[in-house]
Amino acid sequence: MSDTVLIEPLIAAFVAECRIYCQRRGISLGTLGSYAASNSKLFQRLEAKGECELRTMRKIREYMQANPPNAIRNRRKAR
């Protein structure tokens, strides 16, 4: 079995997870890539069948966990 067969669904699920986060937060995938991994082109590359290191995926997930969409909205309302 090819590594590509295993990796593509993993990356597709990761991008879908990030897309939902971005929709809830009101930002683009490029903005998330820039904030979390200092790479605004990361998701463009992934959507074009590019690859991503697991540590980069972990770093982005850690960013999303530390910055939940609802908490950000609540902070803005409190101002």
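What you see is a predicted model; the values in this text were computed from it and never measured.
Across all non-hydrogen atoms, the minimal contact from A36 to K59 is O-CE, 3.3 Å. The two residues I11 and C52 have their closest heavy-atom pair at CD1-N, 4.1 Å. Minimum interatomic distance between Y21 and N67 (heavy atoms only, all atoms of both residues): OH-O, 2.6 Å.
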Subject >> M57/L10 under side chain to side chain contact (heavy atoms under 4.5 Å, CB included): CA gap, chis, key distance, verdict >> reply: CA-CA 10 Å; M57 293 171 72; L10 176 68; 4.1 Å; yes
**OP:** Apply side chain to side chain contact (heavy atoms under 4.5 Å, CB included) to the pair L32 and L42, showing each step before the final yes or no.
**Re:** CA-CA 9 Å; L32 175 60; L42 173 66; over 6 Å; no
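Both I7 and F14 are assigned to one and the same hydrophobic cluster, defined by single-linkage of ILVMFWY side chains at heavy-atom distances under 4.5 Å.
Note: Q23 CD to R25 CZ = 14.0 Å, rounded to the nearest 0.5 Å. Atom-to-atom distance recorded for I60:CD1 and E17:CD is 10.0 Å, nearest 0.5 angstrom. Atom CZ in R61 sits 11.0 Å away from atom CD in Q65 (nearest 0.5 Å).
Among residue pairs with one or both ends in residues 29-41, those qualifying as side chain to side chain donor-acceptor pair (under 3.5 Å) are S28-T31; sequence neighbours excluded.
Salt bridge R58/E53: absent, no basic N to carboxylate O contact under 4.0 Å.
Looking at residues two or more places apart in sequence or on another chain, you find no salt bridge (Lys or Arg N to Asp or Glu O under 4.0 Å) involving R45.
Two residues are said to be in side-chain contact when any heavy atoms from C-beta on lie closer than 4.5 Å; L29 and E47 meet this criterion.
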